[in-house]
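Just so you know, these numbers come straight off a predicted model, no measurement behind them. Each residue takes its place number in the sequence, starting with 1.
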Amino acid sequence: MTGPSAARSGSGPETSQLHTTVIGSGAQTVVWCHGVFGQGKNFTRVAKDLVADDPQRWRCVLVDLPNHGRSPWTEQVSYPQMAASVARVIERVSPASPVHLLGHSMGGKVVMRTALDFPDLVASLIVVDMAPVVSPLNLRFDRLVRAMRSLNLAELSSRGQAQAQMSIGVPDPVVRQFLLQNLRHDISAEPRHQWHWQMNLDLLAAQMDRVAGWPETTGRSWPGPVLWISGEDSDYVHDGHQAAMAALFPRVQRVRIKNSGHWVHADQPEVFVHVLEHFLRSV
């Protein structure tokens, strides 16, 4: 697997594989794509719960998308490029059959674009708390970017110190921990004890408008089964998005999960897995 260091020297998803983590060894493959500032491992609990329910049926492949986790970095944020990278993952991990493809938030846009661009690779689609529209992610994430950039990495002595410094800009401890999973301590670097952001923070911050955007898909649609999950307390998806979703995915069915926000799978993991499994078995 190739990590960000290789991408910094000139390679990218066109020449390097995205990092993946495989959970289970069942006959049907579910490929999972995370949101902005996330990693494939964010889905570990719910993926393990799905596999545990029927180990002979399910295999989960958790993907680190470009510029995130241990995957390569790119020169720009591009949904067509990310979709092509995910398509290569699918061809590598399931060369003989299409997969169930799941994406949350930014990953939801990635998987929608993957189904539209590479329809034969996808058996079913699960989109979690995202719609095929321009999203106000700049307003939501600018303060998080500022908080991460406020850390003086050269003088940072511990993860606890990073927690304390970021608590001012990110008072929610759950969100703060989600962001700090990207902070890495490389004792082999010079000077020793070098801290760095594993994700491509500068690029994501500079091109958040591209993350928030949705590329033109006029006249295109994907005819397969689509589960559209949203959090009841989230404002990322609302009834006004129904027409845009149905135009691209005519077989879409929407499920709202109670007592959950944008991170539906973290807020209500048991309900999330139950809804997901019911859909997957139905297709």
Side-chain angles (χ1 to χ4, degrees), residues 1-25 29-48 51 59-79 81-94 99 101-111 114 141 144-145 148-149 151 153 156 159 162 175-190 193-208 211 263 265-266:
M1 302 293 179
T2 304
S5 59
R8 294 181 186 123
S9 63
S11 63
E14 295 80 11
T15 57
S16 304
Q17 293 180 348
L18 298 186
H19 180 268
T20 59
T21 301
V22 178
I23 297 174
S25 57
T29 300
V30 185
V31 175
W32 306 60
C33 296
H34 59 80
V36 66
F37 301 149
Q39 301 178 44
K41 70 178 184 180
N42 298 149
F43 295 116
T44 299
R45 174 182 174 180
V46 284
K48 285 184 175 180
V51 169
R59 176 176 67 138
C60 294
V61 178
L62 316 184
V63 179
D64 286 356
L65 291 171
N67 302 299
H68 292 79
R70 296 172 64 184
S71 282
W73 289 8
T74 62
E75 295 182 357
Q76 66 177 2
V77 173
S78 164
Y79 280 110
Q81 184 185 76
M82 286 191 278
S85 297
V86 171
R88 284 190 288 274
V89 169
I90 295 172
E91 291 169 340
R92 172 164 54 92
V93 301
S94 186
V99 303
L101 185 56
L102 180 152
H104 168 251
S105 195
M106 178 190 74
K109 290 185 174 182
V110 173
V111 301
T114 304
F141 286 95
L144 304 183
V145 170
M148 287 185 283
R149 283 180 157 175
L151 290 183
L153 299 180
L156 194 63
R159 189 169 294 273
V175 176
R176 190 164 64 246
Q177 186 57 43
F178 168 76
L179 297 174
L180 285 172
Q181 69 176 332
N182 295 286
L183 186 63
R184 289 290 180 267
H185 186 205
D186 187 358
I187 62 174
S188 66
E190 292 296 338
H193 308 302
Q194 180 64 50
W195 294 85
H196 65 276
W197 292 108
Q198 188 176 36
M199 62 184 169
N200 192 346
L201 179 59
D202 289 341
L203 176 71
L204 294 170
Q207 299 192 8
M208 190 58 67
V211 177
W263 282 276
H265 53 285

Do [X] and [Y] touch side chain to side chain, with heavy atoms closer than 4.5 Å?
| X | Y | result |
| --- | --- | --- |
| Val111 | Leu102 | no |
| Arg70 | Gln198 | yes |
| Arg59 | Ser94 | yes |
| Met208 | Val77 | no |
| Asn67 | Leu65 | no |
| Cys60 | Val22 | no |
| Val36 | Phe141 | yes |
| His185 | Leu183 | no |

Provide the closest heavy-atom pair for [X] versus [Y] in the form atom of the first, atom of the second, distance.
| X | Y | result |
| --- | --- | --- |
| Ser105 | Gly35 | CB-CA, 4.0 Å |
| Gln17 | Pro72 | O-CD, 3.7 Å |
| Gln181 | Phe37 | NE2-O, 3.9 Å |

Criterion side chain to side chain contact (heavy atoms under 4.5 Å, CB included) against Val89, the qualifying member of Thr114, Val63, Asp64, Leu101 = Val63

Could you tell me which residues satisfy ring-ring contact (aromatic ring centres under 6.0 Å, His included) with Phe43, sequence neighbours excluded, listed by chain and number?
-> Trp32, His265

Which residues share a side-chain hydrogen bond (donor to acceptor under 3.5 Å, both in side chains) with Gln76, sequence neighbours left out =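 Counting only residues at least two positions away or on another chain, Gln76 forms no side-chain hydrogen bond (donor to acceptor under 3.5 Å, both in side chains).
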
Inter-residue atom distance [X].[atom1] - [Y].[atom2], 0.5 Å rounding:
| X | Y | atom1 | atom2 | result |
| --- | --- | --- | --- | --- |
| Leu62 | Ile23 | CG | CD1 | 4.5 Å |
| Leu204 | Met106 | CG | CE | 7.0 Å |
| Leu180 | Asn182 | CG | CG | 8.5 Å |
| Ser78 | Gln207 | OG | CD | 9.5 Å |
| Trp263 | His104 | CH2 | NE2 | 6.5 Å |
| Leu18 | Arg92 | CG | CZ | 7.5 Å |

How would you list, by chain and number, every residue that makes a salt bridge (Lys or Arg N to Asp or Glu O under 4.0 Å) with Arg45, sequence neighbours excluded?
-> Asp49, Glu270

Just by modelled atom types, is the Val99 backbone N or O under 3.5 Å from a matching donor or acceptor in the Thr29 side chain?
-> no

Which is it for Arg149 and Asp202 under the salt bridge (Lys or Arg N to Asp or Glu O under 4.0 Å) test, yes or no, and what are the steps along the way?
-> CA-CA 9 Å; Arg149 283 180 157 175; Asp202 289 341; 3.3 Å; yes

